[in-house]
Each structure stands twice: as structure tokens, then as C-alpha cells.
Amino acid sequence: MSHISPVLWQFLQHWLSNFPLWPPEASTIAPQMDALIFFMILVSLIGLTIVILFIVGFSVLYRKQRHPVAVQIEGSTLLEATWTIIPLGLFLVMFVWGSLIYFRVYTPPANAMNIYVVGKQWMWKAEHPGGQHEINALHIPVGRPIQLTLISQDVFHSFSIPAFRVKREAIPGRYTSVWFQATKPGTYHLFCTQYCGTNHSAMIGQIVAMTPDDYKKWLDESNSGNSLAQNGERLFASLSCNACHSGRADARGPSLANVFGSTLTLTTGEKVNVDEAYLRQAILSPSEHVTQGYVPIMPTYQGQISEDGVFALIEYIKSLNSNYRVEQTLTTTDLLPESEGKAAPATAEKGAVKQ
Amino acid sequence: MSEPHAHDNAAAHGEDEHHIVSWRVYLAIVLILLAATGTTAAVSYVDLGIFNAVVALAIGVTKATLVVLFFMHVKYSTKLTKLTVASGIFTFLVLIGMTLADYITRAWGNW
Amino acid sequence: MSDSQVIVHGAEKAGHHEHPSYQRHHFETTAQQFDATNFAMWIFLLTEIMFFGGLFMAYLIFRNWYYPAFVEGSHQLSMFWGTMNTTVLIVSSFTMAMGVWCAEKKLKNGLVWSLILTFLLGLGFLGIKSIEWTEKVEKHHVPGFHYSIQAFTNPASDPEVYKEYHDNPLPPDMAAHTQVYFFLYFAMTGMHALHMVIGVGILAVMIFLARAGAYTNGHFTFVENFGLYWHFVDIIWIFLYPLLYLISRHT
Amino acid sequence: MNYLSKEKGLLSWLLTGDHKRIAILYLISITFFFFIGGALAGLIRLELLTPQPDLMAADTYNKVFSMHGIIMVFLFLVPSVPATIGNFCLPMMVGAKDLALPKINLLSWYLYVAAGVLMLYTMIAGGVDTGWTFTTPLSTHYLNSHVISAGMAAFIAGFSSIFTGLNFIVTTHKMRAPGMTWFRLPLFVWSHYAASILMILGTPVLAISLVLIMLERVAGIGVFDPAKGGDPLLFQHLFWFYSHPAVYIMILPGMGVISEVVSTFARKRVFGYTAVAFSSVAIAVFAFFVWEHHMFIMGVSNYSTLVFSLLTMLVAVPSAIKIFNWTFTLYQGSITFETPMLYAFGFMGLFTIGGLTGVFLGTTGADIHLTETYFIVAHFHFVMVGGMLMAFLSGIHFWWPKMTGRMYPEKISQLAALITFLGFNLTFFPQFILGMMGMPRRYAAYPPEFQTLNVFSTAGATVLGVGYLLPILYLTWSLKYGEIAGGNPWQATGLEWQTQSPPLTENFPEIPIMDHEAYDYEWLERQREKEVPSVG
Ligand code: HEA
Ligand code: HEA
Ligand code: CUA
Ligand SMILES: [Cu+2]
């Protein structure tokens, strides 16, 4: 009892003041989503009312006292057709409408600003292109489409922002993405909505939508000194990627300048678009798709780079429009600390035995 | 059928009046099966590209069909048995086909 | 609510005519009994199709993803023993079919001998399977237990296989995926072998019962249904053989 | 002399082949597990009374809801109607002496018991926290709880349900009495037939995916773990290939009960018999084509969601057809409102809500917002508890006189039905709103603004618990003190009612001939006029 009564007290206190029934609408997609949901609620209410009216009506009209002898009726094809076709039609409307929204949520516009998000047990880590990173929080400007590129380092997680009506699962081993455009500055819930183990319910955070000015201020304050691409560049050097991808004519690996967004032909003859997902694959399991004209000598970096590191590398490769930077790095490699510069990829046997 | 009898074809296909397949059929089938095994093993040494898998599976399906039809007597069984076999294969194909619908179309477009 | 009248119209008068001793009480005729149990066996085989179906699904996905690993994994299997086993199993299916035939014809000795042959062939299959598995254990190709990818990153280290296929070395990350191949190999052949073990066990009992004349009195349902099971297990192997053994054997 | 009194002693029960006795064994065991699952639900609701995880740590909470889900689904709801009422009535309804394979039937119960014991062991040994969906790679590589024994329990329970389904299919095909054509079968048999198809074709796929999970845990390799080259979505595909059809395994038998009950208490043939029969089969067929709607946001191909979403819309239609047909069965009927009928009304209303919210989730766009929130929790409790559990209670009351020969007390049972209905709505309706607000499921702690609705929900669960305890009490009471029921207390038309209560061991004194259509109340009248004088 002693446990219950403060609860009751608390409850009464919050009874009227703190009792929201609908989440805030804070993104461009939210009103569209709500329109669909309202439509479905309306249809459901009408359908439910019809069913209940019939049940209650018939129960009153044909209760035994009033209607002692039942009239046997076989059925009615007309009625049967009615209640097949009308619900089907309504469901199909929902299907089309829903699919339109679905594709809208999962097709980012070309001009979206990309933020990388890594989920791991039990936190969210966001990497802004400028090198700012944050944990269990995401600062974004309103009025600008933001694309999230998500990945998980261990199990399934799900990045959910109810106020924006968007959600996307962060799955291990593969990038997923979602986009949104916030409309109202404010602080909103961020939930992990896919059960991911013990502290699943603690894997929550805040989405802080800010005016563009505030956002700029925030960016400057949280600057860590290096942009994501610069971090990638350091990694590129310290993992000796530039040993092969030097961009020089005698290099063992292909030049990576402008490779992002291009179309490559593989040794199998297949053509692939180079996007973030492809770059990740190329780094972590290079032998699964070998570019035409090259042999699969690139070692795997699986287990040696964290997902954040991969993001940095990708951002770096995306930023390469010439090999000038690579060659610069090449000449400065000697300046890097001894241990880092020599970090040669471990032999694969070791990696396999570990499993 | 003024007096409908409910046991599906029970009278016609009971143990009493069972269709007995001649042993010669069995012998013929087993010889075909062995020959097919030899063929499929031999073909795997020839480079047919993607058709290696196709041929191997085609031979496998043929062999399985023969076993089902003759060793398992489906050729001589009731419609119900045939339907049962068909529904098993159908559901298996649903599992494969609908799952592949996801895997194959993942590469479409760039998400 | 106390009217307990019983409104039932008899199909046949109670007491019935004589039934053979093997007819279960709740069936009206032996034909019905045969039909029902036979149909039940088929339904059971349906569940088996779906059971193995899941494994085939997994196989299909990974074979497409890690084709080179599957090729070299497959090269590690012995063509000789694989083909041998296929032959053994097909012949055992034949002897089983003959067993059913003998039961139908009420040929007791024929039945007993067919069952014994089937039994021996089944044991033979399992024997060969265990030879193959032992080899995998020795070569450290059992996933999860001291797995070694040496034979794939450096095929020449396994001269016997290398002599035949001259495989190119796999890059280490692809070589690691041979584990997936061998996992599926063990899962599929293991599940199959489990079915064989059950089958062989039942056969052993059947041989004794057959010698006592249990199936040659006109009631051969059990033999027939067991035959269905045995043939089904054979069919699974008919697919396992090309899928696991025959991946790109040409050099 | 009847099936209960024919033989005495525990052994005569444990070795019985009689479908009616096995049904009773099942009834006792699933009730036991329902109350364990219910107690766990009570713990869930208590914990969620406050936003902080103060009653139990997150870890414990995860175990509690996982075991609640696993027990309720695999050990209660899947076998609930089919293994008890179905086992009891189906052979009688088709006019057979027993199911086709009595030994397999008994084996099915023993497998169920083995699964139950293993599950209890899992609980005592420390529990499992995978959620009932066993999501990989969480379940295979990241948890230290008793995943293997829980998986094994679900695996074995699966085989128990396969054997039940197998028996029903064979019995329906091969054991029908003379004159019992397919379209004279009660709709109860049709819906069990449809559910059985799902059991035999779906469950093996669950079995193999559980086997792979166990192997993966033992050997530490990955077909499902991407870090080791596996594919976690493959597991999702295999699991939901079973578990979507499984939700229809969990509702179709209940729909069969509703058909019987509504027809009996409206004293009318079910409106559109063939439409209802075929919609059961249609549900069974379409059920295999929609599983991906559980994976819409999991990174499956966007194009494939179109196919699966469309098919989800199609599979919803047959359910709508059924609801309307039951409604119109009332039209021109002569309706009475005994307890089974009250539960049936509850079913119709609540299942409609649950089903329609299912359509929300099947709509890809709305699913983005609603998935993995309390909206889903509300959806599936509306269909499973508001739907199937109501149908189960309806059926138990309806066939109680047949099973035991005694009537239950009518007034108090009507009260219980009412309490259940109100408690149910109070428990689960607020969860729709919570879900709309975005409250994630499987959360031990939640933001404070969700508390009010959660308190409602917990309060409702308490009422609901009372609603479920009452039947246990008065039904047990009625075993001894209930009024003697007689053969056909409801004046229903099914063959099972045309024999004594409780029935003989072989059901009928002689095999019946079906010489009239199903739900032929005029035939029943004629029989009464003919036979009443002759029965003292
Ligand atoms: C008994 C169990 C049961 C039943 C019958 C159903 C029935 C349905 N379910 Fe449900 N479902 C579950 C149990 C069940 N479900 C469970 C347990 C989960 C969660 C699993 C987990 O993740 O843990 C789930 C989850 C679930 C999801 C996944 C959500 C997600 O993870 O994102 C979806 C998505 O499509 C869905 C859809 C449906 C649909 C369309 C139906 C349809 O069959 C419903 C059809 C019925 C009707 C449509 C009602 C009748 C209609 C009328 C009377 C017409 C009214 C009139 C007009 C429209 C005019 N369900
Ligand atoms: C058949 C299926 C079934 C049934 C009947 C129920 C019944 C109930 N369920 Fe359950 N539930 C599921 C299937 C079911 N549930 C599933 C599959 C999940 C998902 C699990 C997962 O996420 O993996 C779930 C999850 C789930 C959650 C979400 C947990 C979360 O996501 O964090 C909640 C929360 O409210 C809940 C509540 C309830 C309640 C209040 C009842 C009530 O209806 C129960 C009422 C019954 C009682 C209260 C028992 C009465 C008796 C007593 C109280 C006596 C005491 C007992 C003893 C002394 C032994 N359930
Ligand atoms: Cu991460 Cu839940
Ligand atoms: Cu579903």
C-alpha cells in the first residue's frame, strides 16, 4: 500500500495537466501521416459503428421475447458482394495512400544534409559532416531536409522520432536511411523502438530542432577541430590505404577520386552504383565485388575499423575529387606517430581463428 | 450419389483393392535414377556457366519426380494425394519466391 | 434443460460384422483405416518439405552471396563418396519399394530380405557419411570448432584437392565465408542423417516383425507408409547431392 | 456410463486414446499456463504503473514480458481452442468415433507437457529475454539467458501443434459419417480445417529457424549474424513465415466457435454458410503471402513492401466477410443472451477493432509511425485476447454441459462476461493512444507524460484478472453442484449435441447418418416432435 499511495497522489496531480492524446506534429511528413491515420480512424469508426448498430439493432428487434420463431434465411449474394467490395475498396485506398507516404519517407531528396548515426547497445552516436559528434542526442536545423544514414554495430535498433512520424531500423552490417525536415524548433523524444537487450528502454535521447542560426551556433560550439572527412583522411593514412590507392599510375589499387556516385564494372561483368553502402562493402569485404582490371588483393578491414571509422573513411572518399589530397597525405605519412603509421592490416588467418 | 459416402474414395482405394505396381517398373526406375546420377555427376565437370546449376537442378527435379510418381505410387493414387503433394511444393515455392521478392528487388533504385 | 434425448440414426446396426484383428476400433472399414493412415503420412511429409524448405532457403541466399566460397567448400567434399552415397540411397529406395511390393504380394521372405537389404544400405549410407564427417573434423572444417581457412587462402596446402581443381586462393574475407558453407553442409546433411538414423532404427524393428509375419497378412499399411518416409528422405538427398557436392567441379 | 466414468484411475487418463479425455487433459494444462502467463502480465502492468523501473530492473522486466509472450502464444493461445474444444468436438461433429490417429493425439499432449516443463525449467533457471520473436542476432550472440531451452520448448510445442493439425485434417477428410458432405460440416470444422493447414505448413519453418538459432548459439557461427557473414533478415523471413500464419492459427478456431454460438442462440442457420466456409480457407491461403508486413521498416526492399502490403489488405477482407455474416445471422433470428452469446458479441466488437487496427499496420506508411509501439501491443491484444480468448471462453461455456454433463451458473457467468469486457477495454484501449503518442513497446521505463494512460491500463488489468478468475471458480463449482445438463441443453444442431452428455467413449451408440443440412433447426424441431414422447 505504501507503494501505491504516492503513485495515486502523483497520478491525481497529473490528472488533467499532463495528459496529451496526440503527439506534436513537427516535421513536413507529420501532417501527411496524420491525414492518413485520421482517414483510417474515420473509416474504422464508421465500420465499427455499422457493425455495432446492426448487432444491437438485431438483438433488440429479434430477441426471443419479441420474435419467438426464427425465419431461416440462406444468405444473399448481393449483400455478400457488398461487404466484400466496400471494405476491399477502402483497404485499397489505404494501401495506395500508405505506400505513397512510405516511399516519401524512405526516399531522401538529393539536397538533403547527411548525418551518420551508429546504434549500439545501448546508445546512439551521431556524426555530423563537420566532425561534431553527439551521444543520445541529435541537433538539427529546422527547414532543411536531413538524411540519416544508419547502421548498428551489434543488434537491431530502431531510430524513432514520434514527433516527426519517422522511424527506421538500424541494422547490423548494412546501411539504411531515412529523411525528414523539421518544421518546429523544440526538443523531441528519440526512442530506440526495436528490442535490443537489457537496456533497450534506456536507449533514448533527444532530438533538438533549432533555428538555422542557433544550429550554426551549436555547430561552432561543438566543433571538435576536425571534420569527419579529415578524420577519414587520417584513418586513410594510418591504415595504409594510400599505399595502394595512391592515385599514381603504378598503384596496386584503383584511384578513389570521384569514385563516389560513379558506376563501376565488376569482374563478373555486373555494373554497380557506388554509394555509401557500396563503399562500406568495398572496405569491409573487398573480395565480394572486385572491380574490373584489378585482382582481389585488398585486405579486409572487418573487425579493425569501427562503424564510425568507416563513416569517416566514406566521408573522406566522398570528398575526393582529385588525387591531390591523397598524394599530399602520402608525403605526410611519415609525420604521423610511429605506431599509427605502421598499422598494417592484420593477417586474415588471425581474424578467422578469432571467430 | 443419393446416399453420399463420405470417406473420399475409400471403397475404391482401400488396402483390399490396392493398385500394385509391377516390380519391373521399379527396376526400370531405379536404373533411370542411377543413370541420372551418373549424368549429373559427369555434367558437373563440364563448364556450362550458370547452366551448371540449372542442369543439376533439372536432373534433381526429374529424379525426385520419378521417385514420387512411382516409388511413392502417386501416379496411381487419389486426387487427394496428388493435391497434397502439390500443395507442399506450392508452399515451398511461396517461401522461396516471396523471400526472393525482397532480396532481388533490394538492389533496385538507391535507397 | 433436462431433456436428454438421444437423436441418432444408426448407419449400420450395432454389433457389426467381423473385423480383421488389425483394424482399430474407431475405423469402420480396413479401407478407411488404410486411407487415413496413408493420408496422415503424406501430411507429415508436407511438414518435412517445409522443414527442409527453410534450410534450402538459407542455402539459396548464401550461395548467391558467397559463390566463390561455396565453390571451394564444395571442392573439399569427396566426389567419390558423395556419388557413392547417392547410389547407395537410390538402391535402398529400390529395395524398399520391392519390400512394399512383397508385402502387397504377401511374400514374407521377399519382404524380410528387402528390409534387410534396405537396412544394410541405410547403415552403409551412414557409414560413408561418418567417413566424410571424420575427414572434415580432421581438416578443421567443422564450423565453430577450431575452424581453419588455410585450405582456402592457400589451396596448395591441401595437395590432394589442389591437384584436381587448381583453385585460386580465396581472399581471407571470402575464405572466412566457407564457414557458412560448412555450417549449411553440416546442418543439412546432419538433419538428413538424423532422419536416416530414425529410419534405420524403425527398419530394425520392422525386420523382426516381418519375420513374424506381421505385414504379410494383407495389412501392409505400415510398410507402405514407412516406404513413403524412406523415399522422401531419399528425395532430400537427391537435392542435397547436387547442391552441396556439385558446385562448379570443372577446373 | 460415459467417457468420464468408463475407466477410473490416473493411468486410464495418462494412457487414454479418447479424444475427449485428451481434450480435458489439454484443458487443464493450458489453463495452468494461462494463469502463469496472466501472472506475468500482472507483473508487467504493475511495473508500468510508474515511469521508473522501480518494481523490477530492466533485465527482469525483459524476462517477464518475453516469457509472458512465449507462454501465452505457444503454450496457451495456439493450443487453446483447437486442442481442447476442437479435440473434444471435431470428431463428434463429423460423426466419428475418435480422431483418426488417437495415439498421435496423445503424443501431441505429451509433447505439449514436455514443452511446458521445459518452459517452467527455463523460468526457474533464470528466464529468457529474447522477446517472443527471438530476434537475431540478439538471441544468438548477445544474450546470456536460457535461449536454448526456451527455443527448445517452442520447438517441441510446435510439434505438438503439428500433430493436432495433422489429426484434424485426416479426420475431416477420412472419418466423416455417411451423409456428412463437405457442405454439411459445421463451420467449426471448416475453420479448424483451415487452421490445421496453417499448422502443418507453417510450423516446420519455425522449427527449422529455432534449430538454426540453437546451432548458432552452440557453435558460435553466423547464418544470422552479419558480423560473421550471416543475414539477420533471413531469420526474420523464416520466423514470420510461420508467425504470421500463426496469428491465424490463433484466430480461426475461435471464429469457428463464434459461428456455432451465434447460430445456436439466434436459432438460425449461419447467414451465407458457403461464404463463411470459403473465407476460412481464403484466410488460410492468403496467410502465407503477407509475412513481410512485420518487417516493413527493417530494411527490406521497398518494392517488395508493395506486394506484401497489398496482400495484407486482401487477407483482411475474409475476416470482414465473416463479421458481417455473423451479424446478419442475427437478422430475423430469435435471439437469447446466454453467456456464450455475450462472449461472442464481445468477440465481434473487439475483433473488429483489433482487425481494423491491423489494417492500419498493414498500411506501409502508417506502419512507420505505429510499428514497435504500444499500438501494436493494443492491436494484438485486441485480436488475441479480445478475439480469441473471448471465443475460447464462449466455447468453454457453450460446450461445458457437453464436456461435464453439468450446467454452469448462468447469472454469475453473465456478470463475468461483462466484467471481462469492461476490464478488457479499460486495459487495452488506452494503449492505442499510447502507441499513437509513440510509446515504444518492451520498455521497462517510459517518459512521465505517458503515465496517466498506463495507470488506466493497469487498473483495467486488475479488473480483467477478476474477470478471468471468476470462471475458474464457478466452473469448478459446477462440476459438483451444477444442474444436470441433458444431451442438448441449447437445442443446438451439431451432431455432438445429438448424443448424451457427457458422451459415451465412442461418442455415439451407433454411427449417425447425416440426412440434413448443417444448422437445420427445423430438422431439430421435427426430431423433437418425433422423439420426445418416446423418451420417458
Ligand atoms: C490472433 C492474432 C492476430 C490476428 C487475427 C491478426 C490480424 C491481423 N493483423 Fe496482426 N498481429 C498479431 C496478431 C494478430 N493479428 C500479433 C501477435 C502481432 C505482433 C507481433 C509482434 O511483433 O510481437 C501482430 C502484428 C501485426 C502487424 C505488424 C506490425 C509491425 O510489426 O509493424 C501487422 C501489419 O500489417 C498486422 C496486421 C494484421 C491484419 C491486417 C490482420 C487482419 O487479419 C485483420 C482482419 C480483420 C478485420 C479487418 C476486422 C473486420 C473488419 C470489418 C468488420 C470491416 C469493417 C468495415 C469497414 C472497413 C467498412 N498485425
Ligand atoms: C494469448 C496471448 C496473450 C494474452 C492472453 C495476453 C494477456 C495480457 N497481456 Fe500480453 N502479450 C502477448 C500475448 C498475450 N497477452 C504477447 C505475444 C506479447 C508480446 C511479448 C513480447 O514483446 O515479446 C504481450 C505483451 C504484453 C505487454 C507489453 C509488454 C511490453 O511490450 O513491454 C503488456 C503490457 O501491458 C501485456 C499485458 C497483458 C495483459 C494485461 C493481459 C491480460 O489479458 C491478462 C489477464 C489475466 C490475468 C491477470 C490472470 C488472472 C489471474 C491471476 C492474476 C491470478 C494470479 C496467478 C497466480 C496466483 C498463479 N502483454
Ligand atoms: Cu536499441 Cu532498443
Ligand atoms: Cu502478421
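A note on names: the letters A, B, ... follow the listed sequences, proteins ahead of strands, and every chain is numbered from 1. All values below come from the heavy atoms of this structure, side chains included, with hydrogens, waters and symmetry mates left out.
- If you measure heavy-atom distances from D:Phe375 to chain A, you find no contacts under 4.5 Å at all.
- Neither the backbone nor the side chain of D:Thr312 comes within contact range of chain A; no heavy atom of the residue lies under 4.5 Å from a heavy atom of that chain.
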Item to complete: Let me see the working for A:Ser44 and D:Phe360 under side chain to side chain contact (heavy atoms under 4.5 Å, CB included), right down to the final yes or no.
Response: CA-CA 10 Å; A:Ser44 301; D:Phe360 285 39; 3.2 Å; yes
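- The nearest pair of heavy atoms linking A:Ile37 to D:Ala366 is CG1-CB, 4.3 Å.
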Practice prompt. Verify side chain to side chain contact (heavy atoms under 4.5 Å, CB included) between A:Phe103 and D:Asn302, making sure each step is shown before the conclusion.
Written response: CA-CA 7 Å; A:Phe103 272 74; D:Asn302 288 12; 3.8 Å; yes
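- Of all the listed residues (A:His200, A:Gln153, A:Met94), the one sharing the greatest number of non-hydrogen pairs under 4.5 Å with chain D is A:His200.
- Looking at D:Leu138, the atoms closer than 4.5 Å to chain A (heavy atoms on both sides) sit in the backbone and in the side chain alike.
- Proximity of A:Ile41 to D:Met436: side-chain heavy atoms (C-beta onward) are separated by under 4.5 Å at one or more points.
- Taking D:Leu434, D:Ile323, D:Ile433, D:Asp520 one by one and counting their heavy-atom pairs under 4.5 Å with chain A, the maximum is reached by D:Ile433.
- Interface summary for chain A: among D:Ile321, D:Leu314, D:Thr352, the most heavy-atom pairs under 4.5 angstrom belong to D:Ile321.
- With a threshold of 4.5 angstrom between heavy atoms, A:Glu74 approaches chain D through its backbone and through its side chain.
- With respect to chain D, the highest number of heavy-atom pairs below 4.5 Å among A:Met203, A:Lys167, A:Gln194, A:Arg165 belongs to A:Lys167.
- Put simply, CD1 on A:Ile171 and CG on D:Leu233 are 5.0 Å apart, with the number rounded to the nearest 0.5 Å.
- Each of A:Thr84, A:Leu45, A:Ile50 has some count of heavy-atom pairs under 4.5 Å with chain D, and the biggest count is that of A:Thr84.
- For the set A:Trp22, A:Phe54, A:Trp97, A:Phe191, the count of heavy-atom pairs under 4.5 angstrom toward chain D peaks at A:Phe191.
- Within the 3.5 Å criterion, the main-chain N or O of D:Gly333 finds a donor-acceptor partner in the side chain of A:His67.
- The shortest side-chain heavy-atom distance between D:Pro53 and A:Ser201 does not fall under the 4.5 Å cut-off.
- Separation of atoms NZ (D:Lys63) and OG1 (A:Thr198) is listed at 8.0 Å; rounding is to 0.5 Å.
- The contact between D:Asn325 and chain A is made by backbone and side chain atoms together, counting heavy-atom distances below 4.5 Å.
- Of the two parts of D:Thr371, the backbone and the side chain both hold a non-hydrogen atom closer than 4.5 Å to a non-hydrogen atom of chain A.
- Highest contact tally toward chain D, considering only A:Gly197, A:Pro24, A:Ala30, is held by A:Gly197 [criterion: heavy-atom pairs under 4.5 Å].
- Between A:Ile55 and D:Trp326 the shortest side-chain heavy-atom distance does not fall below 4.5 Å.
- Taking D:Ile368, D:Asn62, D:Leu330 one by one and counting their heavy-atom pairs under 4.5 Å with chain A, the maximum is reached by D:Ile368.
- Annotation: maximal heavy-atom pairing with chain A below 4.5 Å, among D:Leu143, D:Thr336, D:Val270, D:Val359, occurs at D:Val359.
- Across all non-hydrogen atoms, the minimal contact from A:Gly173 to D:Pro226 is CA-CB, 4.1 Å.
- Neither the backbone nor the side chain of D:Glu517 comes within contact range of chain A; no heavy atom of the residue lies under 4.5 Å from a heavy atom of that chain.
- D:Phe345 and A:Ser59 make their closest contact through CZ-OG, 3.5 Å (heavy atoms, listed as atom of the first residue, atom of the second, distance).
- If you measure heavy-atom distances from A:Ser99 to chain D, the contacts under 4.5 Å come from both the backbone and the side chain.
- Considering only heavy-atom pairs separated by less than 4.5 Å from chain D, the leading option among A:Trp83, A:Phe95, A:Phe164, A:Phe91 is A:Trp83.
- With a 4.5 Å cut-off on non-hydrogen atoms, D:Ala266 touches chain A through its backbone but not through its side chain.
- Only the side chain of A:Gln121 comes within contact range of chain D, with at least one heavy atom under 4.5 Å from a heavy atom of that chain.
- The shortest non-hydrogen separation linking A:Gln72 to D:Lys268 is OE1-CA, 3.6 Å.
- Residue-environment remark: OH (D:Tyr331) stays at or below the threshold of 12 foreign heavy atoms within 6.0 Å.
- Between A:Pro68 and D:Ser334, the shortest heavy-atom distance links the atoms O-OG, 2.9 Å.
- Residue contact with chain D, scored on non-hydrogen atoms closer than 4.5 Å, involves the side chain of A:Arg174 exclusively.
- Atoms SG and CZ, on A:Cys192 and D:Arg442 in that order, are 11.0 Å from each other to the nearest 0.5 Å.
- Interface remark: D:Thr135 contributes side-chain atoms only to the contact with chain A (heavy atom separation under 4.5 Å).
- At a 4.5 Å heavy-atom cutoff, the contact between A:Ser76 and chain D is made by backbone and side-chain atoms alike.
- Aromatic ring centres of D:Phe328 and A:Phe58: separated by under 6.0 Å.
- Between the side chain of A:Tyr195 and the main chain of D:Thr133, no donor-acceptor pair closer than 3.5 Å is present.
- Between chain A and the options D:Tyr273, D:Phe337, D:Tyr61, heavy-atom pairs under 4.5 Å are most frequent for D:Phe337.
- For the pair D:Phe271 and A:Leu79, the minimum side-chain heavy-atom distance is below 4.5 Å.
- Looking at A:Ile73, the atoms closer than 4.5 Å to chain D (heavy atoms on both sides) sit in the backbone and in the side chain alike.
- Once rounded to the nearest 0.5 Å, the distance linking CD of A:Glu80 with OG1 of D:Thr274 reads 7.0 Å.
- Counting heavy atoms from C-beta outward, A:Val51 and D:Phe324 have side chains that approach closer than 4.5 Å.
- For A:Phe156 and D:Phe235, the ring centers are positioned 6.0 Å apart or more.
- Ranked by heavy-atom pairs shorter than 4.5 Å toward chain A, the options D:Asp59, D:Ile297, D:Thr136, D:Thr363 are led by D:Ile297.
- From D:Leu361, atom CG reaches atom CE of A:Met40 across 8.0 Å, with rounding to the nearest 0.5 Å.
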Discussion item. Run D:Thr364 and A:Ile101 through side chain to side chain contact (heavy atoms under 4.5 Å, CB included) and show every step you take.
Written reply: CA-CA 8 Å; D:Thr364 46; A:Ile101 290 188; over 6 Å; no
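- Closest of all the heavy-atom pairs between D:His369 and A:Pro23 is NE2-CG, 4.3 Å.
- Side-chain contact between D:Tyr443 and A:Ile204: present, with at least one pair of heavy atoms (C-beta onward) separated by less than 4.5 Å.
- Using cut-offs of 30° and 60° on the angle between ring planes, the pair D:Phe450 and A:His189 is tilted.
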